[in-house]
Amino acid sequence: MTPSVRRGALLAAAALVAACVPIARVDTTAAPVPDAPFAVAGRLSAHHEADALSANFDWEHRLDGDRIALSTPLGQTLAELERRDGEVTIALADGRRASANSFDALTAQAFGVPLPVAGLTSWIRGGPRSGSPFAIERDGAGRATVLRQDGWEIVYAYADAAATRARRLTLAYPDVDMRIVVDRWQ
């Protein structure tokens, strides 16, 4: 095979492979995810500089508040977080309690890792939160694959082609990495 024929064959193969790769659609105008009650359970890990947190979580979101229980893989309670009447509180396993005006501030204070719970209320359901610019990349089925909002990049992975909810979320923010695996929706 001559070098020019080989080069032509390589270009044709590259064009064929490129044609098979689905092109992500970027959406900046989708409606924010409407607030609705849900319950979700799974596992999370988060790293911020030298601080790290790994836990199971059980999260109940209601229109008037949230309750998040964090536990070890063996089921021992690490903390219970609650949002009610504009105040966020935490009760740690050792009996300490603290409060703040946001989950981000409270989790940074308690664990050294700011967990973006306000955004996660929408992000875990595959869409942007209201009141902030965003960009979403979607796959051929219209599911979110990457969401960028509030400085966070959220990458979604689905269990299979028929899944409508993400099984895994990987979140990145300057100096913060977070992974969520969803085990159960209610």
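The figures that follow rest on heavy atoms only: side chains count, while hydrogens, waters and symmetry mates do not. What you are looking at is a predicted structure, and each value in this text was computed from that prediction instead of being measured.
Note: the hydrophobic cluster containing Val33 does not contain Val182 (ILVMFWY, side chain heavy atoms under 4.5 Å, direct or indirect links). Following chains of ILVMFWY side-chain contacts shorter than 4.5 Å, one cannot reach Leu53 starting from Val181, and the two form parts of different hydrophobic clusters.
The side-chain tip of Arg143 does not point at the ring of Tyr156 from less than 6.0 angstrom away and within 45° of straight on. Relative to the six-membered ring of Trp59, Arg67 misses at least one condition, a distance below 6.0 Å or an angle of at most 45° to the axis.
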Glu82 and Ile90: side-chain contact (heavy atoms from CB on, under 4.5 Å), yes or no, with the steps?
CA-CA 6 Å; Glu82 190 167 1; Ile90 187 168; over 6 Å; no
May I have the step-by-step check of side-chain hydrogen bond (donor to acceptor under 3.5 Å, both in side chains) for Ser132 and Asp150, ending in yes or no?
CA-CA 7 Å; Ser132 180; Asp150 300 334; 2.4 Å; yes
Start with the C-alpha distance between Ile154 and Val146, add both sets of side-chain angles, then the distance that settles side-chain contact (heavy atoms from CB on, under 4.5 Å), and finish with yes or no.
CA-CA 6 Å; Ile154 302 95; Val146 179; over 6 Å; no
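Of the possible donor and acceptor atoms, one in the side chain of Thr107 sits under 3.5 Å from a partner among the backbone N and O of Asp104. The backbone N or O of Ala79 sits nowhere less than 3.5 Å from a side-chain atom of Thr77 that would complete a donor-acceptor pair. Looking at Gln149, its side chain does come within 3.5 Å of a backbone N or O of Arg129 through a donor-acceptor pair.
The minimum heavy-atom distance between Ser122 and Pro128, with the atom names listed, is CB-O, 3.5 Å. The shortest non-hydrogen separation linking Arg62 to Asp66 is NH2-N, 4.3 Å. Nearest heavy-atom pair across Asp183 and Gly42 is OD2-CA, 3.5 Å. Gly151 and Pro174 get closest at one heavy-atom pair: O-CD, 4.0 Å. Shortest non-hydrogen contact noted between Trp123 and Leu171 is CE3-CD2, 4.0 Å. In terms of heavy atoms, Pro116 sits closest to Met178 at CD-SD, 3.9 Å.
Here the OG atom belonging to Ser71 is positioned 6.5 Å from the CG atom belonging to Leu78, to the nearest 0.5 angstrom. For the atom pair NE2 (His48) and CZ (Phe111), the distance works out to 14.5 Å, reported to the nearest 0.5 Å. Rounding to the nearest 0.5 Å gives a distance of 11.0 Å between CG of Leu44 and CG of Leu169. Atom OG of Ser99 sits about 15.0 Å away from atom CZ of Arg83, to the nearest 0.5 Å. In this structure, the separation between CG on Leu147 and CZ on Phe134 is 8.0 Å, given to the nearest 0.5 Å. Between the CD1 atom of Ile180 and the CZ atom of Phe57 there is a distance of 5.5 Å, given to the nearest 0.5 Å.
Residues Asp35 and His61 are in side-chain contact: their nearest non-hydrogen atoms beyond the backbone lie under 4.5 Å apart. Using a 4.5 Å heavy-atom threshold, the side chains of Leu115 and Leu120 count as separate. Val176 has its side chain within reach of Trp152: a pair of non-hydrogen atoms, C-beta onward, lies under 4.5 Å apart. Counting heavy atoms from C-beta outward, Gln186 and Phe38 have side chains that stay 4.5 Å or more apart. A heavy-atom distance below 4.5 Å is not found between the side chains of Val155 and Arg168. No side-chain heavy atom of Asn101 sits under 4.5 Å from any side-chain heavy atom of Val88.
A salt bridge is absent between Arg84 and Asp64; no separation between the charged side-chain nitrogens and carboxylate oxygens falls under 4.0 Å. At a threshold of 4.0 Å, the pair Arg167-Asp160 does not count as salt-bridged, since none of the basic side-chain nitrogens sits closer than that to a carboxylate oxygen.
With no hydrogens or angles considered, no side-chain donor-acceptor pair links His47 and Asp177 at under 3.5 Å.
More than 12 heavy atoms of other residues, nucleotides or ligands lie within 6.0 Å of CZ in Arg125, so this atom counts as buried by the packing criterion. Under a cut-off of 6.0 angstrom, the local environment of CZ in Arg148 is crowded, with over 12 non-hydrogen atoms contributed by other residues, nucleotides or ligands.
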